[in-house]
Trainee: 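Can you read through this structure? Questions will come right after.
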Amino acid sequence: MGLKLKNVLPVFVFLLLASTAKAQTVFDVTSAKYGGKPNSDITQALSKAWTDACASTSPSKLVVPKGTFKFLGTTFKGPCKAPIAFQLQGILQAPADGNQLPKKDTWISFDHIDRLTISGGGTFDGQGAISWKENDCHKNKNCKSIAINLRLNFITNSRIEYITTKDSKNFHVNVLGCTNVAFHHFTVSAPKESINTDGIHIGRSTGISIIDSTIKTGDDCISIGDGTKNLNVTNVTCGPGHGISIGSLGRYQKEEPVSGITIKNCTLTDTQNGVRIKTWPASPSAGTASDIHFEDIIMVNVGNPILIDQEYCPWNQCTLKVPSKVKISNVSFKNIKGTSTTPLAVKLVCSKGLPCEKVELSDIDLKYTGNQGPLTSKCTNVKPTITRVTKPLACATSA
Ligand SMILES: *[C@@H]1O[C@H](CO)[C@@H](O)[C@H](O)[C@H]1NC(C)=O
Ligand SMILES: *[C@@H]1O[C@H](CO)[C@@H](O)[C@H](O)[C@H]1NC(C)=O
Ligand SMILES: *[C@@H]1O[C@H](CO)[C@@H](O)[C@H](O)[C@H]1NC(C)=O
Ligand SMILES: *[C@@H]1O[C@H](CO)[C@@H](O)[C@H](O)[C@H]1NC(C)=O
């Protein structure tokens, strides 16, 4: 790059930023018009400010300044008339008692919005501790619904950056029906003991990316549901948590294919699982999971670091006799290194009705840190291509 361009570029970028900043109309929830005050409930104020910001015909910025604000929850509805920025600088705090939320399964939802930015360095605090104690959804299908901190429903061309979600009562973020949404410098924070608090769950969405982010929680850091296409997860650290998971798939009727998933340059620390694909046996209808690539992953004290489990059946909620009808193909695990807390460090158990196809294992180097026998691996109904994998990890037992 020439010297000239180097000098001109920052000026140009500055002007560009200055011009967008100028064009933005600011709606501050603590302004006299809305009257939000720190340490008090701003449910009405924030809802009103959103309505105005969303109706603005020039780009708008909704600001929640520094401080702690109580918020009962709402749906921020689009479509809006122009790009809209939700700038959370402070802490929005949910009621600890889930019964106080207007919608039991949702704290905050953003619906049908194009060109939304959620940023500002602030925190969505779900105050979930009481709910975790009451949660029995992992074993009770008819359990009481519990609020997800943030739902993104049908959001397009949007970014979520420099934002934290903390102690959600249930999943932290649920991404549904979205297209082209990027998470950058996104933080999820909840203790290891928090139940069902998946970091980011994605379903029926295309073109999502999660980059330079940190997820510490009590369940999957990222879970990828049916209908997810073209997803990149890059430079994410996960742990504590249950790892990064495709699925579970094959539990419900008419699930859409999962394809084009790349999980790259991530570190998992003290997680129950590493990278996995899980599908239920006895699926009610057929499904597919293809073009899934895990690459450059560091595992630090991780249980089941590499796992395909097509007999996923927690709490005996299904019958193992009928094989999974989800077809898994074109899956690679490349350059995965570190330590395993379980001796079975590579487990690929595919469906006996639909064996996995085009599975690749290369440059796998995992060490077992415990004393429950030797490091080993197991492959069932799959014949992976194996390159530069030490013997114990290269399908030591297979069927
Ligand atoms: C994911 O990464 C690939 C390769 O860098 C790129 O072509 C694709 O557009 C990316 N997708 C998203 C959603 O960022
Ligand atoms: C990875 O993400 C972290 C933030 O989570 C950031 O500080 C770091 O610079 C990123 N690393 C690279 C190589 O992009
Ligand atoms: C991620 O990428 C950065 C920069 O290329 C590198 O320094 C780091 O070691 C990578 N991390 C993993 C887990 O591969
Ligand atoms: C496997 O997946 C990659 C990445 O999604 C894709 O580019 C490639 O075409 C797929 N290969 C086959 C044989 O389907």
Trainee: If I compare all heavy atoms of Thr217 with all of Gly199, which pair ends up nearest, and what's the gap?
Mentor: CG2-N, 4.1 Å

Trainee: According to disulfide bond (SG atoms under 2.5 Å apart), does anything in residues 30-79 pair up with another residue at least two apart or in another chain? List the pairs.
Mentor: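 Every pair satisfying disulfide bond (SG atoms under 2.5 Å apart) with a residue in residues 30-79: Cys54-Cys80.
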
Trainee: Let me confirm one number: the OG-CG distance from Ser205 to Asn180, rounded to the nearest 0.5 Å.
Mentor: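 Here the rounded value is 11.5 Å.
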
Trainee: Can you confirm whether Asn330 sits close enough to Ile292 that some side-chain heavy atom of one is under 4.5 Å from a side-chain heavy atom of the other?
Mentor: no

Trainee: Side chains of Trp132 and Asn196: closer than 4.5 Å at any heavy-atom pair?
Mentor: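 Heavy-atom side-chain distance check fails, nothing below 4.5 Å.
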
Trainee: Residues sharing Val63's hydrophobic cluster, by side-chain heavy-atom contacts under 4.5 Å among ILVMFWY, directly or via others?
Mentor: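 Listed partners: Val26.
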
Trainee: Side chains of His112 and Lys77: does their closest heavy-atom pair fall under 4.5 Å?
Mentor: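 No, every pair of side-chain atoms sits at 4.5 Å or beyond.
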
Trainee: Determine whether Asn232 and Ile211 make a side-chain contact, defined as any pair of heavy atoms from C-beta on separated by less than 4.5 Å.
Mentor: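 No. Closest side-chain heavy atoms not under 4.5 Å.
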
Trainee: Mind checking whether Leu46 and Leu62 have side chains closer than 4.5 Å, heavy atoms only?
Mentor: yes

Trainee: Which pairs, with at least one residue in residues 81-109 and sequence neighbours excluded, count as a salt bridge (Lys or Arg N to Asp or Glu O under 4.0 Å)?
Mentor: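 Counting only pairs at least two positions apart or across chains, the salt bridge (Lys or Arg N to Asp or Glu O under 4.0 Å) contacts touching residues 81-109 are Asp105-Arg151.
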
Trainee: Kindly give the heavy-atom pair with the smallest separation between Ile202 and Ile210, and that separation in Å.
Mentor: CD1-CD1, 3.9 Å

Trainee: Working note: Asn265 + Asp296, criterion side chain to side chain donor-acceptor pair (under 3.5 Å); need CA distance, chi angles, decisive distance, verdict.
Mentor: CA-CA 5 Å; Asn265 194 252; Asp296 305 331; 5.3 Å; no

Trainee: Any chance you could lay out the side-chain contact (heavy atoms from CB on, under 4.5 Å) test for Glu161 and Ile163, step after step, and finish with the verdict?
Mentor: CA-CA 5 Å; Glu161 54 191 16; Ile163 278 292; over 6 Å; no

Trainee: For Phe71, is there any backbone N or O sitting under 3.5 Å from a side-chain donor or acceptor partner on Trp107?
Mentor: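 Confirmed, Trp107 side chain pairs with Phe71 backbone.
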
Trainee: Please check if the side chain of Asn149 supplies one atom and the backbone of Phe124 the other of a donor-acceptor pair under 3.5 Å.
Mentor: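 Checked: pair present.
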
Trainee: Please tabulate, one pair per line, all N/O donor-acceptor pairs under 3.5 Å involving side-chain atoms of residues 83-96, not counting sequence neighbours.
Mentor:
| residue | atom | partner | partner atom | Å |
| --- | --- | --- | --- | --- |
| Gln87 | OE1 | Gln89 | NE2 | 3.0 |

Trainee: Can you find a heavy atom in the side chain of Leu361 that is under 4.5 Å from one in the side chain of Ser332?
Mentor: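 They are not in contact (no side-chain heavy atoms under 4.5 Å apart), so the answer is no.
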
Trainee: Has the side chain of Ser377 got a donor or acceptor atom that lies under 3.5 Å from a matching backbone atom of Ala396?
Mentor: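 The answer is yes, because a donor-acceptor pair under 3.5 Å joins these two groups.
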
Trainee: Begin with the C-alpha distance, continue with both residues' side-chain angles, and end with the deciding distance and a verdict on side chain to side chain donor-acceptor pair (under 3.5 Å) for Thr30 and Asp28.
Mentor: CA-CA 5 Å; Thr30 59; Asp28 185 332; 2.7 Å; yes

Trainee: Decide yes or no on side-chain contact (heavy atoms from CB on, under 4.5 Å) for Leu116 and Phe110, but give the supporting numbers first.
Mentor: CA-CA 9 Å; Leu116 167 71; Phe110 289 90; 3.9 Å; yes

Trainee: Between atom OG1 of Thr179 and atom CG of Asp114, what is the distance when rounded to the nearest 0.5 Å?
Mentor: 9.5 Å

Trainee: By the side-chain hydrogen bond (donor to acceptor under 3.5 Å, both in side chains) test, which pairs, at least two apart or in different chains, include something from residues 33-51?
Mentor: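 Qualifying pairs, neighbours excluded: Lys33-Asp52, Tyr34-Asp52, Asp41-Thr43, Lys48-Asp52.
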
Trainee: Tell me the closest heavy-atom pair linking Leu393 and Ala345, and the distance in Å.
Mentor: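 That closest heavy-atom pairing would be CD2-CB, 3.8 Å.
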
Trainee: Give a yes or no on whether the backbone of Ile146 and the side-chain of Asn170 come within a donor-acceptor separation of less than 3.5 Å.
Mentor: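 Looks like yes, one N/O pair under 3.5 Å.
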
Trainee: Whether Arg276 and Asp220 form a salt bridge (side-chain N of Lys/Arg under 4.0 Å from carboxylate O of Asp/Glu) is what I want to check.
Mentor: yes

Trainee: Please list, chain by chain and in numerical order, all residues satisfying side-chain hydrogen bond (donor to acceptor under 3.5 Å, both in side chains) with Asn371, sequence neighbours excluded.
Mentor: none

Trainee: Can you find a pair of side-chain heavy atoms, one from Leu152 and one from Ile118, that are under 4.5 Å apart?
Mentor: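 Yes; the side chains approach each other to less than 4.5 Å.
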
Trainee: Enumerate the residue pairs fulfilling side-chain hydrogen bond (donor to acceptor under 3.5 Å, both in side chains) with a member in residues 248-258, sequence neighbours excluded, ordered by first and then second residue.
Mentor: Arg204-Glu256, Ser248-Trp280, Arg251-Gln317

Trainee: Nearest 0.5 Å please: distance from the CD1 atom of Ile208 over to the CD1 atom of Ile222.
Mentor: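 One gets 11.5 Å once the value is rounded to the nearest 0.5 Å.
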
Trainee: May I ask you to decide if Leu268's main-chain N or O and Thr271's side chain share a donor-acceptor pair within less than 3.5 Å?
Mentor: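 No: the side chain of Thr271 does not pair with the backbone of Leu268.
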
Trainee: Less than 2.5 angstrom apart at the SG atoms, yes or no, for Cys350 and Cys356?
Mentor: yes

Trainee: Test side chain to side chain donor-acceptor pair (under 3.5 Å) on Asn135 and Lys133; report intermediate values, then the result.
Mentor: CA-CA 6 Å; Asn135 188 327; Lys133 287 195 199 105; over 6 Å; no

Trainee: How close do Ser194 and Ala190 get, heavy atom to heavy atom, and via which atoms?
Mentor: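 Here Ser194 and Ala190 meet closest at OG-CB, 3.6 Å.
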
Trainee: So which pairs with a foot in residues 386-399 pass salt bridge (Lys or Arg N to Asp or Glu O under 4.0 Å), sequence neighbours left out?
Mentor: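 For residues 386-399, and leaving out neighbouring residues, the salt bridge (Lys or Arg N to Asp or Glu O under 4.0 Å) pairs sorted by first residue read Asp363-Arg388.
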
Trainee: Rounded to the nearest 0.5 Å, how far does CD of Glu134 lie from CD1 of Ile195?
Mentor: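 These two atoms lie 11.0 Å from each other.
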
Trainee: Under a 3.5 Å threshold, yes or no: a donor from one side chain and an acceptor from the other, between Ser223 and His201?
Mentor: yes

Trainee: Quick check for you: to the nearest 0.5 Å, what is the distance between Thr228 atom OG1 and Leu249 atom CG?
Mentor: 8.5 Å

Trainee: Inspect the contact between Glu311 and Lys278 and indicate whether a charged nitrogen and a carboxylate oxygen are less than 4.0 angstrom apart.
Mentor: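 Salt bridge: no.
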
Trainee: Are the side chains of Lys378 and Thr380 in touch, meaning some heavy atoms are under 4.5 Å apart?
Mentor: yes

Trainee: Side chain of Thr187, backbone of Thr164: donor and acceptor closer than 3.5 Å?
Mentor: no

Trainee: Is the backbone of Thr75 close enough, under 3.5 Å, to the side chain of Ser109 for a donor and an acceptor to pair up by distance?
Mentor: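 It does not hold such a pair.
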
Trainee: If the condition is side-chain hydrogen bond (donor to acceptor under 3.5 Å, both in side chains), which residues does Glu295 pass it with, not counting sequence neighbours?
Mentor: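 Residues passing side-chain hydrogen bond (donor to acceptor under 3.5 Å, both in side chains) with Glu295: Lys264.
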
Trainee: Using only atom types and a distance under 3.5 Å, with no angle test, would you say the side chain of Ser324 pairs donor to acceptor with the backbone of Val326?
Mentor: yes

Trainee: Can you list every side-chain hydrogen bond (donor to acceptor under 3.5 Å, both in side chains) pair that touches residues 119-128, not counting sequence neighbours?
Mentor: none

Trainee: Assess the residue pair His293 and Thr262 against the criterion (side chain to side chain donor-acceptor pair (under 3.5 Å)); give the C-alpha distance rounded to whole Å, side-chain angles, the decisive distance to 0.1 Å, and a yes or no.
Mentor: CA-CA 5 Å; His293 307 284; Thr262 303; 5.9 Å; no

Trainee: Okay, side chain of Ser340, backbone of Gly303: is any donor-acceptor separation there less than 3.5 Å?
Mentor: no

Trainee: With sequence neighbours left out, which residue pairs that include part of residues 223-251 fulfil the ring-ring contact (aromatic ring centres under 6.0 Å, His included) condition?
Mentor: none

Trainee: Side chain of Ser56, backbone of Ser58: donor and acceptor closer than 3.5 Å?
Mentor: yes

Trainee: Going from NE2 on His172 to OG on Ser189, what distance comes out if it is rounded to the nearest 0.5 angstrom?
Mentor: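 Going from the NE2 atom of His172 to the OG atom of Ser189 covers 7.5 Å.
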
Trainee: If hydrophobic residues (ILVMFWY) are linked whenever their side-chain heavy atoms come closer than 4.5 Å, directly or via other members, who joins Phe171 in its cluster?
Mentor: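 Besides Phe171, the cluster holds Ile148.
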
Trainee: Indicate if Phe183 and Phe76 have the same hydrophobic cluster label, given that clusters are the connected sets of ILVMFWY residues with side-chain heavy-atom separations under 4.5 angstrom.
Mentor: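 Hydrophobic grouping puts Phe183 with Phe76.
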
Trainee: Run the salt-bridge test on Asp167 and Lys169 with the 4.0 Å N-O cut-off and return the result as yes or no.
Mentor: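 The answer is no: the pair does not qualify as a salt bridge.
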
